[in-house]
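Side chains included, hydrogens not; waters and symmetry mates left out as well; all remaining heavy atoms used.
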Amino acid sequence: MPREARFIVFEGLDGAGTTTQAARLQALLTRAGVRSFQTHEPTPDPIGTFIRALLTGKERARDGSPFRPPERALALLFAADRLAHSDLIRAHLAAGETVVCDRYVFSSMAYQTLDPSIRAEWVVDINRGCAIPDITIFLAAPADVCLARVAARRDDTTIYENREHLETVARNYEALLPQYAASFGKVVRIDGTAGVDEVHARTLEALELE
């Protein structure tokens, strides 16, 4: 198994399996004796915690209703969280640890362009200076499959976890994949509707870890 430190990102819709597959990969690396660090976005740091509160409707506006900022504001918050996160990612890589991350810039491109006034180029621009992945694993799955998985996990739902939003985000991911790859490196698309073990096996193939 390769021992060089790599920055590996999992991407996909809410419910596509990114969290499960990131954990499976990190566990495999640990068993194989490969030093690794598992992380996610939004981060558990102050900016990321604020984002999570916004996404789950726990942050309140002045009138007491859930505060929903515009996508442009969310994009800037995600970029700020990511730029701070990048310092941590680079530190682990410099220490010889492989970094496994659940969500990164591709999510911002796909989700924040739900607002038709936001261009993917702008999202790329505000994220300049972030750590660049060695490879991004994109788990492609349709909205109906993802919504069923979200309903089954019984966690807090986010403002994006409805059919209309997820169908649009799914189209955004597919349309923006070449543009993301041009700015942020290699992307491997894997069928996220397959079973957990099958997706894990395909991930190992993509990472040449068989």
Side-chain angles (χ1 to χ4, degrees), residues 5-27 29-30 34-61 66-115 118 120 122-139 150 153-161 165 169 173 180 183-185:
R6 289 192 285 177
F7 179 22
I8 302 165
V9 170
F10 284 89
E11 284 283 5
L13 291 178
D14 297 280
T18 60
T19 302
T20 297
Q21 292 302 324
R24 287 283 297 267
L25 176 60
Q26 200 273 338
L29 294 173
T30 299
V34 177
R35 296 173 59 208
S36 60
F37 172 69
Q38 185 179 352
T39 187
H40 60 83
E41 291 191 352
T43 70
D45 294 323
I47 302 173
T49 299
F50 179 56
I51 293 171
R52 178 61 60 183
L54 292 171
L55 295 180
T56 54
K58 294 178 180 177
E59 194 68 31
R60 297 292 162 173
F67 178 57
R68 172 72 185 271
E71 292 297 336
R72 194 170 295 274
L74 274 174
L76 291 167
L77 285 169
F78 273 109
D81 189 39
R82 184 167 298 122
L83 290 170
H85 192 200
S86 290
D87 288 342
L88 179 65
I89 290 167
R90 291 187 177 107
H92 281 279
L93 291 171
E97 299 177 39
T98 286
V99 176
V100 179
C101 188
D102 177 6
R103 296 189 174 281
Y104 203 59
V105 182
F106 201 10
S107 286
S108 287
M109 293 174 68
Y111 279 79
Q112 267 65 73
T113 53
L114 279 169
D115 180 341
I118 296 177
W122 179 77
V123 179
V124 171
D125 283 343
I126 63 173
N127 281 278
R128 293 196 186 281
C130 71
I132 303 298
D134 291 286
I135 185 171
T136 298
I137 305 296
F138 169 49
L139 305 182
V150 167
R153 74 189 184 199
R154 298 179 181 177
D155 291 337
D156 289 337
T157 57
T158 75
I159 57 177
Y160 299 118
E161 290 170 347
H165 280 155
V169 174
Y173 267 124
Y180 170 79
S183 295
F184 299 101

Considering only residues two or more places apart or on different chains, which pairs with a residue in residues 122-131 satisfy salt bridge (charged side-chain N to carboxylate O under 4.0 Å, His left out)? D125-R128
Which atom names give the shortest non-hydrogen contact between P133 and V9, and what distance separates them? CG-CG2, 3.7 Å
Mind listing the closest non-hydrogen atom pair of A5 and E97 along with its distance? CB-O, 3.5 Å
Listing request: all salt bridge (charged side-chain N to carboxylate O under 4.0 Å, His left out) pairs with a residue in residues 82-94, at least two apart in sequence or in separate chains. E41-R82
Which residue pairs satisfy the salt bridge (charged side-chain N to carboxylate O under 4.0 Å, His left out) criterion with at least one member in residues 17-26, sequence neighbours excluded? R24-D197
Taken in chain and number order and not counting sequence neighbours, the residues that satisfy side chain to side chain contact (heavy atoms under 4.5 Å, CB included) with S36 are Q26, L29, T30, T98
Looking at CG of L93 and CG of D134, how far apart are the two atoms once the value is rounded to the nearest 0.5 Å? 7.0 Å
Suppose we screen for side chain to side chain donor-acceptor pair (under 3.5 Å). Which residues come up paired with S183, at least two apart in sequence or across chains? none
If the condition is side chain to side chain contact (heavy atoms under 4.5 Å, CB included), which residues does L76 pass it with, not counting sequence neighbours? W122, I126
Shortest non-hydrogen contact from Y173 toward G12: OH-O, 3.2 Å
Looking only at heavy atoms, which two atoms of A22 and D102 are closest? And how far apart? CB-CB, 4.4 Å
Applying ring pair (Phe, Tyr, Trp, His ring centres under 6.0 Å), name anything that partners Y160, two or more places apart in sequence or on another chain. Y111
How would you list, by chain and number, every residue that makes a side chain to side chain contact (heavy atoms under 4.5 Å, CB included) with A94, sequence neighbours excluded? none
When you measure from the side chain of S86 to the backbone N and O of A131, does any donor-acceptor pair fall under 3.5 Å? yes
V100 and F10: side chain to side chain contact (heavy atoms under 4.5 Å, CB included), yes or no, with the steps? CA-CA 8 Å; V100 179; F10 284 89; 3.9 Å; yes
If we only count heavy atoms from C-beta on, is the T19 to Q38 side-chain gap below 4.5 Å? no
Kindly state each residue pair satisfying ring pair (Phe, Tyr, Trp, His ring centres under 6.0 Å) with at least one member in residues 85-105, sequence neighbours excluded. F7-Y104, F37-H92
I'd like to check the salt bridge (charged side-chain N to carboxylate O under 4.0 Å, His left out) partners of D115; sequence neighbours left out, ordered by chain and number. none
Quick one: are Q21 and I137 in side-chain contact, heavy atoms under 4.5 Å? no
N/O donor to acceptor pairs below 3.5 angstrom from side-chain atoms of residues 50-61, sequence neighbours left out:
| from | atom 1 | to | atom 2 | distance (Å) |
| --- | --- | --- | --- | --- |
| T56 | OG1 | R52 | O | 2.8 |
| K58 | NZ | D156 | OD2 | 2.7 |
| R60 | NH1 | G64 | O | 3.3 |

Please test H165 against L13 for side chain to side chain contact (heavy atoms under 4.5 Å, CB included), starting from the C-alpha separation and ending with a verdict. CA-CA 10 Å; H165 280 155; L13 291 178; over 6 Å; no
Minimal heavy-atom distance between L74 and P69, with the atoms involved, is CG-CG, 3.8 Å
Considering non-hydrogen atoms only, spot the tightest contact between Q112 and I118 and give its length. O-CD1, 3.4 Å
Sequence-distant partners of A84, side chain to side chain contact (heavy atoms under 4.5 Å, CB included), two or more places apart: none
